[in-house]
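Here the structure comes first, spelled out in structure tokens, and everything after it is commentary.
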Amino acid sequence: PDSATPDTPVTFPPAFLWGAATSAYQIEGAVREDGRTPSIWDTFSHTPGKTAGGDTGDIAVDHYHRYRDDVALMADLGLNAYRFSVSWSRVQPTGRGPAVQRGLDFYRKLVDELLAKGIKPAITLYHWDLPQELEDAGGWPERDTAYRFAEYARIVGEALGDRVEQWITLNEPWCSAFLGYGSGVHAPGRTDHAAALRAAHHLNLAHGLGTVALRSAMPTRNSVALSLNTSVVRPLSRRPEDLAAARKIDDLSGGIFHGPILHGAYPEHLFSATASVTDWSYVHDGDLATINQPLDALGLNYYTPTLVSAADADARGPRSDGHGDSAFSPWPAAEDVAFHQTPGEQTEMGWTVDPTGLHELIMRYTREAPGLPLYITENGAAYNDKPDSDGQVHDPERVSYLRGHLAAVRRAIADGADVRGYYLWSLMDNFEWAYGYEKRFGAVYVDYASMERTPKSSALWYSRAARTGTLPPVDDAAE
Ligand code: PNW
């Protein structure tokens, strides 16, 4: 029952959103145009040794100039939703002060193009590209960054709140805090666990202050959410030590964000578990109430589960946490935890394909936040796609990945979860952060020399799913 057999019809609710997702730095390019200034990702990608092959987002997939064609492509594929992010430093180059109209105009044109084609836009305000000037002032470990974010949220909310209903404050604050300031595999590349925990709190605060700012800037019918990438954490055994390891990682990946955001409190064990690293004195009176704003929806990003045990002498099975190569762990105060590879088939990222984890994640948040509508704001896979001699790109692994995960979503709906939509990561191949252009997550293939876009068989398969509201058989893609 983990994934429906290929010939079982799997039908979704009529209003379900069939979307795709991207983010600004990964697709836009045009990094020096119309007043945009560097973000931490410009600085990081231009620092030797930080990204595969020294790749940068300078050109990316040139979406800034090709957005009309990209929207037309989405319409051709029959998608009814698109999640994208706004580049903060295009709108507010120094991270503070007045907005740049040309920056806002780009997003207004993009939104109008989407609306004209019947595609529902969902805006992510922050997908990791902090204006460099704010990092120079201390970045997310500094409290002021949260206030700067709220001001930026208000600017974008005022500019686009009349036409965009769906808003996401932050994408995956775990990555911003722990890959950006802990392991350093993401920008700004710092390796300081105390700073990472401070960053986590200030990202939570930014979400709360940003939610308040958005609500006052926009019509009340609009929806405010955020996208979390909580790990689905599984213990290697039922031994108490392994269960404790799993609880620690669950707190550090999920509870540290959804605790304050959904419940107004950090997880019970988090303060004692991290006492060797930080004293949490930067949590001010009133912060938890500010962070705990009622939300209209919750976005869940899911790729693979996380398997952990206690780190005792006998290493049981190969270790890997799938978070990129760094001598530094992203996880603070977790020297007593070992990470293991989940058994099973893997994608090009080395991430195990496990649709049951998505069902588990959805059911967990159905319990954690009863009544809150859920969206899968990212799910997808990287494979080593290449065009055939006929120019077609066949990606049967991605078709089966998508079918398995969408079937898991459908099963969660049958089990009572209120999942309103699914955004495939990603619409098209793009700059995969530290992996550069090496890893292709797109449903649409991008030839990086010509910038030509070619829908892969997975895009055609997904298109049929979107048009019919029913998952087609796996072998029914390109026809
Ligand atoms: C997410 N990890 O990144 C992001 O939201 C996307 O921008 C990205 O392209 C996509 O997933 C695929 O990687 C992640 O190490 C990066 O656990 C790393 C991790 C998780 C998510």
Side-chain angles (χ1 to χ4, degrees), residues 19-28 39-41 44-45 51-52 55 57 60-61 63 83-87 122 124-129 168-187 196 203 226-233 249-250 252-254 257 299-308 320-326 328-331 339 341-342 346-354 357-358 361 375-383 398 401 405 423-443 446:
T22 63
S23 87
Y25 190 68
Q26 295 181 273
I27 64 166
E28 285 180 0
S39 76
I40 55 175
W41 267 98
F44 188 77
S45 66
T51 66
D55 288 349
V61 296
H63 171 75
R83 170 178 179 247
F84 63 94
S85 81
V86 171
S87 154
T124 306
L125 285 171
Y126 185 72
H127 201 124
W128 308 352
D129 44 359
I168 291 159
T169 54
L170 307 177
N171 177 67
E172 303 192 352
W174 184 86
C175 292
S176 298
F178 296 105
L179 301 182
Y181 296 89
S183 66
V185 299
H186 280 184
L203 284 153
L226 93 164
S227 290
L228 295 178
N229 66 314
T230 306
S231 301
V232 171
V233 187
I249 296 307
D250 186 60
L252 283 168
S253 69
F257 301 106
L300 301 174
N301 295 358
Y302 173 80
Y303 291 92
T304 191
T306 299
L307 182 61
V308 305
S320 154
D321 72 354
H323 293 124
D325 300 322
S326 172
F328 300 94
S329 166
W331 305 102
F339 292 82
Q341 182 77 51
T342 301
Q346 289 167 31
T347 70
E348 277 289 298
M349 297 295 282
W351 297 349
T352 302
V353 178
D354 191 336
L358 180 54
L361 181 71
Y375 290 87
I376 305 309
T377 40
E378 284 181 27
N379 174 242
Y383 288 105
R398 186 174 289 100
Y401 184 100
H405 287 77
Y423 297 85
L424 186 166
W425 184 272
S426 178
L427 173 65
M428 53 194 161
D429 294 335
N430 60 47
F431 175 74
E432 179 49 32
W433 306 114
Y435 296 91
Y437 298 97
E438 238 172 43
K439 300 285 186 259
R440 293 178 177 271
F441 271 93
V446 178

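Order of listing sets the numbers, starting from 1, for every ligand and every atom in it. Computed from a predicted structure; not experimentally measured. Position 1 is the first residue of the sequence; numbering continues from there.
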Kindly compute the distance separating CH2 (W425) from CD (E432), expressed to the nearest 0.5 Å.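 Answer rounded to 0.5 Å: 7.5 Å.
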Is F178 touching ligand 1 with its side chain, its backbone, both, or neither, if touching means heavy atoms under 4.0 Å apart?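 It is neither; nothing of F178 touches ligand 1.
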I need the contact type for N171 against ligand 1. Using non-hydrogen atoms and a strict under-4.0 Å cut-off, is it side chain, backbone, both or neither?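 Within the 4.0 Å criterion, N171 contacts ligand 1 through side-chain atoms alone.
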Assess whether side-chain contact (heavy atoms from CB on, under 4.5 Å) is satisfied between W128 and H186, documenting all intermediate values. CA-CA 9 Å; W128 308 352; H186 280 184; 3.3 Å; yes
Set of residues satisfying side chain to side chain contact (heavy atoms under 4.5 Å, CB included) with respect to E348, sequence neighbours excluded: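 Partners of E348 under the side chain to side chain contact (heavy atoms under 4.5 Å, CB included) test: A382, N384, K439.
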Could you list the residues that satisfy side chain to side chain contact (heavy atoms under 4.5 Å, CB included) with Q346, not counting sequence neighbours?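 Expected list: Q341, T352.
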Just to be sure I'm reading this right: ignoring hydrogens, which of [options] gets closest to [atom]? Compare them by their nearest heavy atoms.
{"atom": "atom 3 (O) of ligand 1", "options": "W351, W128, Y435, W425", "value": "W128"}
{"atom": "atom 19 (C) of ligand 1", "options": "S183, C175, G380", "value": "C175"}
{"atom": "atom 5 (O) of ligand 1", "options": "M349, E378, K439, E432", "value": "E378"}

Contacting atoms of ligand 1, where contact means under 4.0 angstrom from a heavy atom of H127: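 Taking each heavy atom of H127 in turn, ligand 1 has 4 (C), 5 (O), 6 (C), 7 (O) under 4.0 Å.
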Provide the number and element of each atom of ligand 1 under 4.0 Å from a heavy atom of Y303.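 Those qualifying, in numeric order: 10 (C), 11 (O), 12 (C).
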Nitrogen or oxygen atoms of W433 and ligand 1 under 3.5 Å apart: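 W433 vs ligand 1: N/O contact under 3.5 Å present.
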Taking the side chain from Y437 and the backbone from D55, do they hold a donor-acceptor pair closer than 3.5 Å?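 Judged by distance alone, no pair lies under 3.5 Å.
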Would you say the side chain of Y126 lies within less than 4.5 Å of the side chain of T169, judging by non-hydrogen atoms?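 Sidechains of Y126 and T169: no contact.
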